[in-house]
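Below is one structure, written out as structure tokens; the observations come after it.
Labels below follow one simple rule: chain letters A, B, ... track the order of the sequence lines, proteins then strands, and each chain is numbered from 1.
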Protein chains: 2
Amino acid sequence: MNEIVIPDSIRCELAGKGGITAIMELLPDNQTIENIVSVARALSDPVRIRVLFALFMQPMCVCLLVAMTGYAYSKMSYHLSVLKESDLVCSRQKGNYLIYYPTDLGRKVVEEIEGW
Amino acid sequence: MNEIVIPDSIRCELAGKGGITAIMELLPDNQTIENIVSVARALSDPVRIRVLFALFMQPMCVCLLVAMTGYAYSKMSYHLSVLKESDLVCSRQKGNYLIYYPTDLGRKVVEEIEGW
DNA sequence: TTGTGGTTTCAAAAAGATTTGAAATAACTT
DNA sequence: AAGTTATTTCAAATCTTTTTGAAACCACAA
């Protein structure tokens, strides 16, 4: 792989870093990449961003989220499941209600993405 | 909106924070949400995560990225355009080559998502 | 100016995500 | 047990993103 033609400046810099092989070895492993992608996917919808920020401020049952946003229950439930599968939120039962709240990761992520 | 039935604990906590209206007013505005979503979408594909991390370690021309990953040029080009549109990478021309490298935002994001 | 190599653009096909409303669950109340 | 309320699940329809290969574009060299 080192015999391809590229600009000298890059060939130099690359050599100083151990070549393309060294770069490839330093890339995150597949499991790490899948985790990042799963969280990023969960964040890539405005509905879910709003829900995540709202839960960050205040744990809520689904009916409150539904009242707040005007979305159908099934829609809200779908988006909550996406957030849950990527470990950004979790839920506890309170009588008849399911109360959703952010995980530690969810809180960390909310604080980070505010600065994007 | 305050006459819906929710668990007492939540009604209390919520009242202490100014009610649902106060929460809604503290949500990020639409522009901020669109920015977050755009960056998150760019991060929500394993190809682009690998490319972003590689460029973080070393600016590269497209041909090097293609050699490194084994993807077709058109595919790489598509993914680079997604990263570029969300302002995570940019490029400069070097003779015949286009050299891609992360923006400030791109570098910041790489450092953050390593911890996800 | 013609050719060559690096890169992007395009359109069609394939794959994946979201929305919808209806039906199913699950926990409580009577 | 039967009814009520909160929530999830399901399947179909719709919408968006990704992949593919071919063609176009652009900078440089002969």
Side-chain angles (χ1 to χ4, degrees), chain A residues 3-11 33-34 37-52 55 59-86 88-101, chain B residues 3-11 33-34 37-52 55 59-86 88-101:
Chain A
E3 58 298 336
I4 79 163
V5 183
I6 55 175
D8 279 350
S9 60
I10 293 199
R11 179 176 302 283
I33 290 181
E34 283 315 317
V37 165
S38 149
V39 170
R41 249 196 254 287
L43 296 172
S44 64
D45 183 295
V47 176
R48 292 193 292 262
I49 295 294
R50 266 180 261 273
V51 168
L52 183 61
L55 295 178
M60 297 188 196
C61 51
V62 182
C63 54
L64 188 46
L65 287 166
V66 160
M68 188 180 97
T69 59
Y71 300 133
Y73 267 98
S74 58
K75 187 171 171 174
M76 186 54 73
S77 194
Y78 166 71
H79 287 291
L80 286 169
S81 79
V82 174
L83 288 167
K84 198 173 201 172
E85 269 161 28
S86 59
L88 291 170
V89 308
C90 54
S91 61
R92 63 171 183 273
Q93 193 126 14
K94 178 104 188 178
N96 216 352
Y97 299 85
L98 266 181
I99 299 184
Y100 280 86
Y101 57 98
Chain B
E3 58 298 332
I4 78 163
V5 183
I6 55 175
D8 279 349
S9 58
I10 293 198
R11 179 175 303 283
I33 290 182
E34 281 316 317
V37 165
S38 150
V39 171
R41 252 196 252 285
L43 296 173
S44 64
D45 183 297
V47 176
R48 292 193 293 264
I49 295 294
R50 267 181 261 274
V51 168
L52 183 61
L55 295 178
M60 298 188 196
C61 51
V62 183
C63 53
L64 188 46
L65 287 167
V66 161
M68 187 180 98
T69 59
Y71 299 135
Y73 268 97
S74 58
K75 186 170 171 174
M76 187 54 73
S77 194
Y78 165 72
H79 287 292
L80 286 168
S81 78
V82 175
L83 288 167
K84 198 173 201 172
E85 268 161 29
S86 59
L88 291 170
V89 309
C90 54
S91 61
R92 61 173 184 273
Q93 192 126 14
K94 178 105 190 177
N96 216 353
Y97 298 84
L98 265 182
I99 299 185
Y100 280 87
Y101 57 98

Length of the CZ-C1' vector between A:Arg92 and D:dT7, whole Å:
16 Å
In whole angstroms, the gap separating P of C:dG5 from CG of B:Leu98 amounts to 18 Å
Taking B:Arg48 for its side chain and B:His79 for its backbone only, find out whether a donor-acceptor pair lies under 3.5 Å.
no
note: A:Lys75, atom NZ; D:dA6, atom C1'; distance rounded to Å ~ 20 Å
In terms of side-chain heavy atoms of B:Val62, which of C:dT7, D:dT18, C:dG6 is nearest?
C:dT7
Looking at B:Ile6 and A:Cys63, what are the two nearest heavy atoms and their distance?
CG2-SG, 4.0 Å
Exam field: side chain A:Thr69 to backbone A:Leu65, donor-acceptor pair closer than 3.5 Å:
yes
Whichever of A:Ile6 and A:Tyr78 has its nearest DNA chain C nucleotide further upstream toward 5'
A:Ile6
Using only side-chain N and O atoms of B:Arg41, determine if any of them is under 4.0 Å from OP1 or OP2 of D:dT16.
no
Rounded to the nearest angstrom, tell me the gap between atom OH in B:Tyr71 and atom P in C:dT7.
18 Å
Between A:Ser77 and A:Ser74 (side chain of the first, backbone of the second, donor and acceptor by atom type, cut-off under 3.5 Å), is there such a pair?
no
Euclidean distance, atom CE of residue A:Met60 to atom P of D:dA6 [Å, nearest integer]:
17 Å
Nucleotide nearest A:Val5 (side chain, heavy atoms from C-beta), chosen from D:dT18, C:dG6, D:dA6:
C:dG6
Out of C:dT7, C:dA27, D:dT9, whichever nucleotide has its closest atom nearest the side chain of A:Gln93
C:dA27
Side chain of B:Asn96 only, please: which of C:dA27, C:dG6, D:dT8 is the nearest?
C:dG6
Roughly, in whole Å, what's the span from CG in B:Asp45 to C1' in D:dT17?
9 Å
How would you label the contact of B:Tyr100 with the nucleic acid (heavy atoms, under 4.0 Å): base, sugar-phosphate, or nothing?
sugar-phosphate
Testing the basics here: between B:Ala67 and A:Ile4, what is the closest heavy-atom pair and its distance to 0.1 Å?
CB-CD1, 3.7 Å
Euclidean distance, atom CD of residue A:Glu85 to atom P of C:dA17 [Å, nearest integer]:
11 Å
Rounded to whole Å, please give me the gap between OH in B:Tyr73 and C1' in C:dT7.
7 Å
Ranking D:dA22, D:dA6, C:dG21 by distance to the side chain of B:Ser74, first place goes to D:dA22
Need to verify one output field. Residue with the more 5' nearest nucleotide on DNA chain C, A:Lys94 or A:His79?
A:His79
